[in-house]
Chemist: 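Have a look at this one before I ask anything.
Both counts, for ligands and for their atoms, begin at 1 and track the order of listing.
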Amino acid sequence: MKRIAIVGGGIAGLSAAYRLEEKRRGGVPLDYVLFEAAPRLGGVLGTNHVNGCLVEAGPDSFLTEKPWAADLCRQVGLGDQLIGSNDADRKTYLLTGGKLTVMPDGLMFMVPTKILPTVFSPLFSVGTKLRMAREWFHPPHKANGDETVAALVTRHYGSEMVDRLADPLLSGVYGGEASQLSVRAVLPRFAEMEAKHGSLGRAMLAARRKMGQAAQAPPKPLFTSLKDGMQQLVDAVLARLTASSLRRGTYVSSVQPEHGKWIVTADQRSLEFEAVVVATPTQAAAAVLKDASAELAGELGAIQYSSSVTLTLGYDKAVRDSLPPGFGFLVPRSEGKRMLAATFVHNKFPHRAPADSALIRCFLGGARDEAILQLSDEEIVQTARRELREILGLEAVPQFSRVYKWKGAMAQYSVGHLERLERIEGLRQRLPGLALAGNGYRGIGVPDCVRSGAEAASSLWSFLGLAPDARQLPLNA
Ligand SMILES: Cc1cc2nc3c(=O)[nH]c(=O)nc-3n(C[C@H](O)[C@H](O)[C@H](O)COP(=O)(O)OP(=O)(O)OC[C@H]3O[C@@H](n4cnc5c(N)ncnc54)[C@H](O)[C@@H]3O)c2cc1C
């Protein structure tokens, strides 16, 4: 019997456990134990129901284009629970000069692909619009090594584009800064498009034409989620795992190899395993692996994380009627607010709030505002209400509020991240039987974390002398 430990019970660790459970039920002689420091499993995924509203504590959805989370949902019997964002009402605003301005049509992740809406948008200065026109003739350019997203965007569109679009978009996803994040790790397609086509605008249009020719089906919604929230995924995976394999409230202090085995120490007890998946944020992975390899721990610990806060405010119908249509707004740093973005949940996923309610989800914190964690929940609510008053003229008192603080939860892929991953992989290979998963490596979103957990588990098959994955057995039993 092969025994495998999984450290960390976020979605990456759960995905690894699910893959092992599939094997076990398929008759492979293996056993696994999942150690989670917190009393509950799921990591940053969690959903609460308040006054008939669905409140997400962490992620509220995932990108449809990345299939792995939706695939896992289907495998655990949630295929009929998948829902798409209400893209008919998709409209996003940007705060500029204290006013909300709608993002122009045809903007594909900060790259303008339609001329007229961009020309008439008050979002950009004449100088930026001229640069957009010139960008069309940008010659192919292969950057010498990695660079920041800000460097690439400035080269094409100037610094206003970094402030108005790149920074707010990236802080919504990574809680990070365009001036720190690596193009190669965060926007690899941009680097490829620039090398091949020169102009990002021309490259985007070419890609869209190609997709349009290939796809006969109607376009898919941008975001996918679950009818009853992201917690549904956690619960459905847990229902398929072996209950006695799950150790909640169990902090792992060290993981180290000894005489061909792996010794996992948790709560002063040491247990022996053949292999181990460490599926925690890399800072925590560095701490548990420091005795296994100081060099590996050094590389893992060098990956920075930012903290974030989500705050959901529930209001009545009068507020719902007074809010602008669309999914919500982004706030560039230059506007001097603490809020990074706000989602009008009742528009993005309409059934998540009754028709007589409004639900606003605010996102605060990020790399430049770790201090937000020091505020009390009440201070965070007051800060957000003040800023919503300034931005939307919203005076109403919310019927309820929920604050969730996430310390060091969002990995920052800084310049050189991919090279660091290569060094990490080299060091990991010197420790046979160790696999790494989670949001610190090759994708921060839920789908990438699901994929990383599954791949980490599969990477152990040949080491353990087990047959490689021939097929995936859905665990519907
Ligand atoms: C506020 C917020 C909003 C987000 N929104 C979205 C979104 O809308 N869409 C999207 O796709 N992604 C979103 N993300 C990103 C995505 O949710 C996360 O990157 C992903 O869920 C991380 O999963 P994980 O398993 O890697 O890590 P985590 O969820 O952080 O889980 C790691 C687990 O390891 C445990 N652990 C740590 N150290 C130890 C130890 N020594 N012993 C035992 N256990 C340990 C922790 O307690 C934790 O439960 C969001 C993230 C946040 C924080």
Chemist: If I apply the N/O under 3.5 Å rule, does Ile444 come out as touching ligand 1?
Modeler: yes
Chemist: Starting from atom 33 (C) of ligand 1, locate the nearest protein heavy atom and write down its residue, its atom name and how far away it is, to 0.1 Å.
Modeler: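 For atom 33 (C) of ligand 1, the nearest protein heavy atom is Glu36 OE1, 3.5 Å.
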Chemist: Just need the protein heavy atom nearest to atom 31 (O) of ligand 1, so name the residue and atom and give the distance.
Modeler: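 Among all protein heavy atoms, the one nearest atom 31 (O) of ligand 1 is Gly10 CA, 3.3 Å.
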Chemist: Phe327 ring centre to Lys91 NZ or CZ under 6.0 Å, with the angle to the axis within 45°?
Modeler: no
Chemist: With ring centroids as reference points, do Tyr413 and Tyr174 lie under 6.0 angstrom apart?
Modeler: yes
Chemist: From atom 1 (C) of ligand 1, work out which of Trp406, Tyr441, Tyr251 has a heavy atom at the shortest distance.
Modeler: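 Going through Trp406, Tyr441, Tyr251 one by one, Trp406 has the nearest heavy atom to atom 1 (C) of ligand 1.
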Chemist: Numbering the atoms of ligand 1 from 1, which are under 4.0 Å from a heavy atom of Asp60?
Modeler: 8 (O)
Chemist: Short N/O distance, under 3.5 Å, between Val7 and ligand 1?
Modeler: no
Chemist: As an exercise, state the distance from CG of Leu359 to CD of Gln399, rounded to the nearest 0.5 Å.
Modeler: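 So the CG of Leu359 and the CD of Gln399 are separated by 10.5 Å.
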Chemist: Counting each atom of ligand 1 from 1 as listed, which ones have a heavy atom of Ala12 under 4.0 Å away?
Modeler: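 The atoms of ligand 1 under 4.0 Å from a heavy atom of Ala12 are 25 (O), 26 (O).
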Chemist: To which protein heavy atom is atom 43 (C) of ligand 1 closest, and what is the distance rounded to 0.1 Å?
Modeler: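 The answer is Ala37 N, 3.3 Å.
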Chemist: For atom 42 (N) of ligand 1, grab the closest protein heavy atom and report residue, atom and distance to one decimal in Å.
Modeler: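 Looking only at protein heavy atoms, the one closest to atom 42 (N) of ligand 1 is Val252 N, 3.0 Å.
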Chemist: Can you name the atoms of ligand 1, numbered from 1 with element, that are less than 4.0 Å from a heavy atom of Gly43?
Modeler: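 Those qualifying, in numeric order: 29 (O), 31 (O), 49 (O).
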Chemist: I'd like the name of whichever of Ala16, Pro59, Ser61 reaches closest to atom 14 (N) of ligand 1 through any heavy atom.
Modeler: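 Nearest option to atom 14 (N) of ligand 1, by heavy atoms: Pro59.
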Chemist: Hey, which atoms in ligand 1 end up nearer than 4.0 Å to a heavy atom of Thr250?
Modeler: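 This gives 43 (C) as the contact atoms.
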Chemist: Which residue and non-hydrogen atom of the protein lie closest to atom 37 (C) of ligand 1, and at what distance in Å?
Modeler: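 Among all protein heavy atoms, the one nearest atom 37 (C) of ligand 1 is Thr280 CG2, 3.7 Å.
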Chemist: Closer than 4.0 angstrom, basic N to acidic O: yes or no for Lys261 and Glu274?
Modeler: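 A salt bridge links Lys261 with Glu274.
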Chemist: Check ligand 1 against Phe35 and write out every atom of the ligand that is under 4.0 Å from a heavy-atom position of the residue.
Modeler: 43 (C), 44 (N)
Chemist: Just which atoms of ligand 1 are under 4.0 Å from any heavy atom in Ser308?
Modeler: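 Those qualifying, in numeric order: 1 (C), 53 (C).
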Chemist: Which of the atoms of ligand 1 are close to Val288, meaning less than 4.0 Å from one of its heavy atoms?
Modeler: 41 (N)
Chemist: So which protein heavy atom does atom 50 (C) of ligand 1 come closest to, and at what separation?
Modeler: Met410 CE, 4.0 Å
Chemist: Going by the order shown, which atoms of ligand 1 are within less than 4.0 Å of some heavy atom of Thr310?
Modeler: 1 (C)
Chemist: Kindly assign one of parallel, tilted or perpendicular to the pair Tyr404 and Trp406, based on the angle between their ring planes and the thresholds 30° and 60°.
Modeler: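 Tyr404 and Trp406: parallel rings.
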Chemist: Decide whether a cation-pi geometry holds between Lys23 and Trp461; the criteria are a distance under 6.0 Å from NZ or CZ to the six-membered ring centre and an angle within 45° of the ring axis.
Modeler: yes
Chemist: So, regarding Val446 and ligand 1 (criterion: nitrogen or oxygen to nitrogen or oxygen, under 3.5 Å), is there a contact or not?
Modeler: yes
Chemist: Does this structure show an ion pair linking Lys66 with Asp448, if we count only N-O contacts that are shorter than 4.0 Å?
Modeler: yes
Chemist: State whether Glu56 and Arg361 are salt-bridged, where the test is any N-O pair (Lys NZ or Arg NE/NH1/NH2 against Asp/Glu carboxylate O) under 4.0 Å.
Modeler: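 Between Arg361 and Glu56 there is no salt bridge, as every charged N stays at least 4.0 Å from the carboxylate O atoms.
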Chemist: For atom 29 (O) of ligand 1, which protein heavy atom lies nearest, and how many Å away is it?
Modeler: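 Here the nearest protein heavy atom works out to Val44 N, 3.1 Å.
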Chemist: Among all protein heavy atoms, pick out the one at the shortest distance from atom 32 (C) of ligand 1; state its residue, atom name and that distance to 0.1 Å.
Modeler: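 Here the closest protein heavy atom is Pro281 CD, 3.7 Å.
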Chemist: For ligand 1, is there an N or O atom under 3.5 Å from any N or O atom of Phe62?
Modeler: no
Chemist: State whether Glu299 and Arg420 are salt-bridged, where the test is any N-O pair (Lys NZ or Arg NE/NH1/NH2 against Asp/Glu carboxylate O) under 4.0 Å.
Modeler: yes
